[in-house]
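Here's the structure we're looking at; comments come further down.
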Amino acid sequence: MLENFGVFRYPDRMEHQLEVIAGLRERYENVVVEDKGAVFNTDLTQAIELGYMLDLAWCMVQAGLAREESRGAHSRPSDFPERDDERFLRHSITRWTDDGPELSSEEVRMTRWQPEVRTY
Amino acid sequence: MKVAMKIWRYDAVAGERALREYEVDAPEEATLLDCLDLVKDQLDGTLAYRKSCRMMICGSCGMRMDGAAVLACKTRMYEIAQSGHVPVISAMGNLPIVKDLVVDMEPFWRKIRAVTPWLEPGYSDPGERENVVSQAEMDVIHKESLCIMCGCCVSECNSMEADPDFLGPAALAKGMRFVGDARDQARVERLQAYSEAHGIWDCTRCYFCQERCPKGVDPRDAIAKLGAEAMREGIDSDLGARHAKWFVTSAKTTGWLRETELVPKTQGVVKSLKEIGFAMSLLRHGKVPPPIPPHVAKHVDEARALYDLVKHDGREGADGIVQIEKPLSRLEHGEGEDGAAERGPYGPGSFAKPYLPELSDESESSSEGRHA
């Protein structure tokens with residue numbers, strides 16, 4: 001994720017990251033917890049956290065690929081360098097299903113501040 | 001680079017301890033924490049230690065290396081590995097071990113809670129406007145505010161080893177953080193509470209906390225400041241406070257410590273009567289000067305002048321505490337830069353300056369009798 005899904009995101013790298021995640025998820029099926037103890041078992045907590053992180057990583061890359069624009073810390077300098085309020089002034093909402101993450105979007109409730117171009 | 005280390009493993013369920021040796025291949029910039037991560041990842045998944053931020057700000061990874069408390073994330077391993085030394089890693093001291101390098105922090109937090117670690121501003125409604133505090137007012141408690149509550153000072157506290165109920169360096173430094181806060185309205189109540197048994201005066205001044213704090217909090221200086229502030233408020237009924245007061249009086253009047261008077265002044269006449277046999281024995285062996293005639297130092301004027309100077313400069317209370325510079329110098333990194341070594345890390349004027357007579361004309365004229 002650090003290499004392929006940082007602030008600057010490129011379509012080929014994001015696609016590749018999806019494969020990486022799929023591979024890791026397959027390996028995670030066989031995860032081993034070496035520490036069998038009941039006291040302060042960080043081996044176990046780390047294994048559990050890893051599973052959630054793999055879920056979250058999939059959600060993030062899916063939403064990142066779908067967001068064909070550049071906004072804040074999601075920057076696509078090679079294919080969509082501009083912000084696109086018309087299509088993407090929306091929250092990305094992901095629901096977990098048996099087949100993986102299901103992406104949808106919701107309207108943003110605008111209050112005082114309008115989106116602006118960063119000029120500094 | 002190859003990094004070897006020995007780790008004290010502890011199994012709380014079986015109650016077994018074992019010293020195990022590990023060796024990992026780590027990058028040259030690796031810290032102790034990086035190396036522990038490698039051990040856990042590659043050699044032994046059952047190793048337990050706390051960590052979170054990896055950058056000296058969360059205070060999770062306090063532990064001991066070769067018997068001295070360190071933050072694992074702050075300790076680079078390069079030089080140790082190059083020297084061929086195999087360090088021994090163990091859990092912090094003064095706190096019960098849960099597993100391997102993990103200690104139960106509950107006694108630590110209990111003492112933090114005991115010093116009322118929050119601001120008592122004296123009002124319940126903060127009003128509409130911000131209450132701005134000046135930089136100069138915050139500078140007074142800058143060092144105490146640096147604490148990340150890692151427990152390294154508590155681990156090293158010799159007084160707490162003797163008295164597990166001693167509030168200890170972390171909690172007392174936290175206390176000073178609020179006693180010195182310009183907004184706090186519970187100053188006197190705090191000083192009274194901290195002056196009770198297991199408080200300020202139970203510190204033995206060994207300076208281990210100050211030496212090993214990874215953040216430059218200087219807890220012993222904080223405790224000294226609390227003591228001085230308590231004195232200023234007239235809170236001096238504790239034996240320790242009376243002892244310290246007598247030191248000052250004795251030095252001011254005769255330039256020496258008069259031991260024969262120290263005991264009755266500190267402990268009271270009745271208690272000291274019981275010590276007469278011991279005192280006579282000391283006298284016989286030349287361990288104490290005879291009380292009569294009073295032993296007056298040749299240059300007693302200088303001692304008196306020093307006392308007057310501190311009074312004249314308004315350096316009573318916490319302002320009179322000359323703080324050691326060693327932990328500050330440890331925080332300096334840019335030594336190559338011009339003047340970086342001299343420059344204080346927290347800006348000029350942040351701390352009380354040590355007494356330097358030749359640098360200050362004002363203090364020269366203020367202390368009559370010093371040149372007598």
Side-chain angles (χ1 to χ4, degrees), chain A residues 1-9 13 16-61 64 72-75 94 96 109 111-114 116 120, chain B residues 7-18 20 22 24 27 29 32-55 58-64 72-73 89-92 95-109 151:
Chain A
M1 290 295 277
L2 216 56
E3 280 173 24
N4 298 323
F5 202 73
V7 172
F8 300 102
R9 297 163 180 181
R13 287 192 175 199
H16 173 63
Q17 186 60 21
L18 275 184
E19 290 165 29
V20 171
I21 294 167
L24 288 172
R25 292 180 70 83
E26 212 173 294
R27 284 181 63 192
Y28 184 68
E29 296 290 315
N30 302 313
V31 73
V32 173
V33 178
E34 200 180 334
D35 191 344
K36 314 292 182 195
V39 179
F40 217 92
N41 191 335
T42 50
D43 208 26
L44 176 64
T45 55
Q46 282 178 10
I48 294 168
E49 283 167 6
L50 177 62
Y52 287 126
M53 282 195 283
L54 288 171
D55 289 352
L56 201 58
W58 193 357
C59 299
M60 288 166 69
V61 178
H74 166 81
S75 182
T94 305
W96 194 261
R109 192 171 66 89
T111 52
R112 190 169 160 191
W113 304 102
Q114 299 297 320
E116 277 177 40
Y120 53 84
Chain B
I7 304 177
W8 270 110
R9 306 292 306 269
Y10 177 70
D11 180 340
V13 178
E16 285 166 6
R17 289 196 80 179
R20 297 259 160 74
Y22 301 93
V24 289
E29 70 273 16
L32 173 56
L33 182 61
D34 294 329
C35 294
L36 291 175
D37 279 343
L38 288 169
V39 169
K40 188 170 176 67
D41 189 34
Q42 297 168 3
L43 301 175
D44 191 343
T46 66
L47 179 67
Y49 51 96
R50 279 202 186 91
K51 62 163 183 174
S52 181
C53 77
R54 316 170 338 279
M55 48 205 280
C58 78
S60 297
C61 64
M63 57 186 69
R64 274 177 164 170
C73 65
I89 316 298
S90 57
M92 287 197 292
L95 293 161
I97 302 176
V98 175
K99 182 185 176 186
D100 299 339
L101 307 176
V102 178
V103 292
D104 179 6
M105 293 289 279
E106 180 47 34
F108 176 92
W109 297 120

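The structure presented is a predicted model; accordingly, all values stated were derived computationally and were not measured. Quick note: numbers below take in every heavy atom, side chains included, and nothing from hydrogens, waters or symmetry partners. All chains are named by letter (A, B, ...) in the order of the sequence lines, taking the proteins before the strands, and each is independently numbered beginning at 1.
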More than 12 heavy atoms of other groups within 6.0 Å of A:Glu116 CD: no
Without hydrogens or angle criteria, can the side chains of A:Thr42 and B:Lys51 be said to hold a donor-acceptor pair below 3.5 Å? no
Which pairs count as ring pair (Phe, Tyr, Trp, His ring centres under 6.0 Å) when at least one residue sits in residues 16-41 of chain A, sequence neighbours excluded? none
Review item, side-chain donor-acceptor pairs of residues 11-18 of chain B, under 3.5 Å, at least two apart:
| residue | atom | partner | partner atom | Å |
| --- | --- | --- | --- | --- |
| B:Asp11 | OD1 | B:Val13 | N | 3.0 |
| B:Asp11 | OD1 | B:Ala14 | N | 3.2 |

Report, in residue-number order, which members of residues 95-103 of chain B are under 4.5 Å from chain A by heavy-atom distance. B:Val98, B:Lys99, B:Val102
CZ of A:Arg25: more than 12 outside heavy atoms within 6.0 angstrom? yes
Reported CG-to-CG distance for the pair B:Asp41 and A:Asp43, which is rounded to 0.5 angstrom: 9.5 Å
Sequence neighbours left out, what passes side-chain contact (heavy atoms from CB on, under 4.5 Å) with B:Met55? Give chain and number order. B:Cys53, B:Ile57
